[in-house]
Amino acid sequence: MRSARRRAQALSGSLLRQLVVIFFTVLALFPLYFMLVSSLKSKADYLENKFNLPPHPIIDNFLTAFAGEKFLIRFANSTILTVGSVALSLLIACLAAYAFARMQFPGKRTLFNLMLSLMVIPPVVMVVPLFVTMVRLGLVNTYQGAILIYIGLLLPFSVYMMTNFFQTIPREIVEAARIDGCSSFGVFTRILMPLSAPAVITLTVVNSLWVWNELLIALIFLQRDEMKTLMVGIASMRSRIYVDIPATMAGLLVATIPIVVLYLFGQRYFIRGLIGGAVK
Amino acid sequence: MQYRKHEPWLYLAPALVMLLAVFGYPFVRLVILSLQRTQAGVPAFVGLTNYQLLFRDDVFLQAVRNNLKLLLTVPVTVGLALVLAVFLFERIMGWRLYRMTLFLPYLLPITAVGLVFSYIFQLSGVLNDLLEAIGAGVLAQDWLGSTTLALPTVMFVIIWKEVGFGVVLFLARLMSVEEELFDAARVDGANWWQLQRHVTIPQLATVIEFFTVISIITVLSWVFGYVFVMTGGGPGNATMVTELYVYLMGFRYNQMNMASAVSVLLLLVTGVFIFLELRLRERSDLGLTS
């Protein structure tokens, strides 16, 4: 009797848990659902009922999105910025992480902590002086200018993560290579880097998500119309007086899909990497 | 391992140059700008005048107040993440799938999310239609257009987006806790609440601290995207925040000196929390030995 009652209690307890989790999952997914169903509706269908499934699914909105608003140029701009800054920051970060993880030098700890603290500096703080300087250097509205800033912003976390990772590589492997006549740069290119694929993938995913999604820097440093990124294009959609919501949703979906695909591709590494980076 | 003395600096050089260019130099420039006033293109030193003007500017004060109000999202975000992580940890059916979907909002661009939510919350938006459909039409509101509701609505979206990161963090730490610890507590007859209080919470303590600090920094200085896309700071200044104030001052009203003064203040406030965070990291002990 008692065990039956306890089992009933446990069952209702787990049912409650399940319901709570389901509620928040639905909440998490709702905007995505809304984006998806709206993007497949005609404007009339959308106004008729905003949250039902599309009664007559159409793909016209995607064609509109691609045709309008220099969508493809913005897509290309976002891609160039993301690939450029992620690749360069990764290279620079790995070199620095090698020094932090494997070499001794005075002031190492202080320098490392100083760099870590840059991780949470809000970008908005640097925007004014950087803009003043970039104007003088003629780097506003250029890929180089924006990529330079993005590299700087990506570096602290990237160095931190790669340092952590290099430290997990057994010292014996490195020492054996040194005895066999490997130079210190050889250790880096032939031993540390080839073993670092998981960390490199994590960083690539995390950093690409960040650059792709970034708004503030792109808004300020890439103002000329043909230099604008996808996110800047999206941000300006709302201020339009006349808005075609289904077409906007189709555009948003296309802008979001690369992120979700990248995440699914690197998911295994991504979560582990985030945790490694956040709390060791 | 033996290295020549100058060698570490060779590897560090590219990173240091970039960091000096993007952080070092701008910091110095920022402080100088904040102490100057430019008239007819000529900068002149004015001491703390810009700062004094700031504290007499109602819009700035409103922005600061709003950032402080946003702090209310922190306990909600942390608490919700904790509850969801614990529930998922108890291996309810399909927890992996739930973890992924709960994390999804954290990945999506704030810009896209903000735009979608503004269509959901607008007067003729989805939420009001939904309320109408279930016969609760009286509850319909102009969620982003009302001075009293706009900030809470933005807060909802911030919580919506940030919770997933906490869930993933907490869950990962819980899964690395020795199973025996939970078993031992159960054998000792601990009920669910006691289990959470005496095992789960202590085990998660450092991660909870970390996530709390990160959340505080987020709402004090990383919410630009939300307000820029959803409300533009309005209606009136109901959702004005310091970041948006910097942006508007510097790039719409061309008041670079005032914008710099706000940036310096923002930097100081963040500095306090960076200090806290560094201490947490120190405790989690990253052994920098080679």
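Note that the coordinates shown come from a computational prediction; the quantities given were computed from them, not determined experimentally. Below, chains carry the letters A, B, ... as their sequence lines are ordered, and counting in each starts from 1.
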#### Entry: Engaged part of A:Phe131 at the chain B interface, taking heavy atoms whose separation is under 4.5 Å
side chain
### Summary
Hits for side-chain hydrogen bond (donor to acceptor under 3.5 Å, both in side chains) against B:Tyr11, two or more places apart or cross-chain, chain-then-number order -> A:Ser184
### Task
Decide yes or no on side-chain contact (heavy atoms from CB on, under 4.5 Å) for A:Leu219 and B:Phe224, but give the supporting numbers first.
CA-CA 11 Å; A:Leu219 198 63; B:Phe224 175 83; 3.9 Å; yes
### Summary
side-chain contact (heavy atoms from CB on, under 4.5 Å) filter on B:Tyr253, not counting sequence neighbours, yields B:Leu248, B:Gln255
Which region of [X], side chain (C-beta onward) or backbone (N, CA, C, O), has a non-hydrogen atom less than 4.5 Å from a non-hydrogen atom of chain A, or is it both or neither?
| X | answer |
| --- | --- |
| B:Phe211 | neither |
| B:Thr101 | both |
| B:Ala133 | side chain |
| B:Leu80 | side chain |
| B:Leu33 | side chain |

### Task
Could you label the plane-to-plane angle of the A:Tyr263 and B:Phe103 rings as parallel, tilted or perpendicular, counting under 30° as parallel and over 60° as perpendicular?
tilted
### Query
For the atom pair CG (B:Leu84) and OG1 (A:Thr25), what is the distance rounded to the nearest 0.5 Å?
7.5 Å
### Message
For the residue pair A:Tyr98 / B:Glu7, report whether a side-chain donor-acceptor contact shorter than 3.5 Å exists.
### Response
no
### Task
Examine B:Tyr98 together with A:Phe24 and report whether their ring centres are nearer than 6.0 Å.
no
